[in-house]
Amino acid sequence: MQTKPVNLTEALATFDEVYSPRIVARVNDYDVRIAHTEGEHVWHVHDDTDEFFLVLDGRFDVALRDADGNETTVILRKGDTFVVPKGTEHKPSSPGGAILMFEPSGTPTTGDRHEGDIPEHVDSTIGRQLS
Ligand code: NI
């Protein structure tokens with residue numbers, strides 16, 4: 001049993017990579033992950049799960065594409081929360097910031113499908129352990 005709290009500020013200070021989420025907690029079958037954000041992510045979709053975001057610092061934008069191909073960008077600032085519904089194409093971007101995500105363990109950061117090449121600064125992972 002874990003008997004120490006995990007401090008998110010301290011956890012974020014242990015790594016620098018952007019878009020490379022670290023798992024800070026497991027809740028039943030879900031992961032709580034944190035990540036630094038900067039630059040463009042990649043268009044992708046999670047077919048079977050919603051994805052919850054909480055902005056811890058800075059700004060984090062989520063571009064969404066509906067079934068007709070229309071795009072909308074949701075701008076999120078520190079303290080904002082947002083859920084991308086399952087099956088919705090989305091592409092995060094950020095001028096710099098940090099986020100917390102809540103999603104089923106094993107959910108890949110680049111979705112079940114993605115569009116084009118994965119940028120070098122985007123880690124395709126199901127979440128890494130905090131060191
Ligand atoms: Ni996603």
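One is the number of the first residue; the rest follow in order along the sequence. Remember, it's 1-based here, ligands and their atoms both numbered in the order they're listed. Worth saying up front: this structure is predicted, and the values here are computed from it rather than measured.
Summary: OE1 is the N/O/S atom of E51 found nearest to the Ni ion (ligand 1). Within H44, the N, O or S atom at minimum distance from the Ni ion (ligand 1) carries the name NE2.
Seen from the Ni ion (ligand 1), atom NE2 on H46 and atom NE2 on H90 lie at an angle near 110° (rounded to 10 degrees).
Put simply, the side chain of T109 gets close to the backbone of D123: a donor and an acceptor are under 3.5 Å apart. Under a 3.5 Å cut-off, the side chain of Y19 and the backbone N or O of E40 do not form any donor-acceptor pair.
In this structure, H46 has its ring center closer than 6.0 angstrom to the ring center of H90.
In this structure, R22 satisfies the cation-pi test against F15, with its NZ or CZ atom closer than 6.0 Å to the six-membered ring centre and inside 45 degrees of the ring normal.
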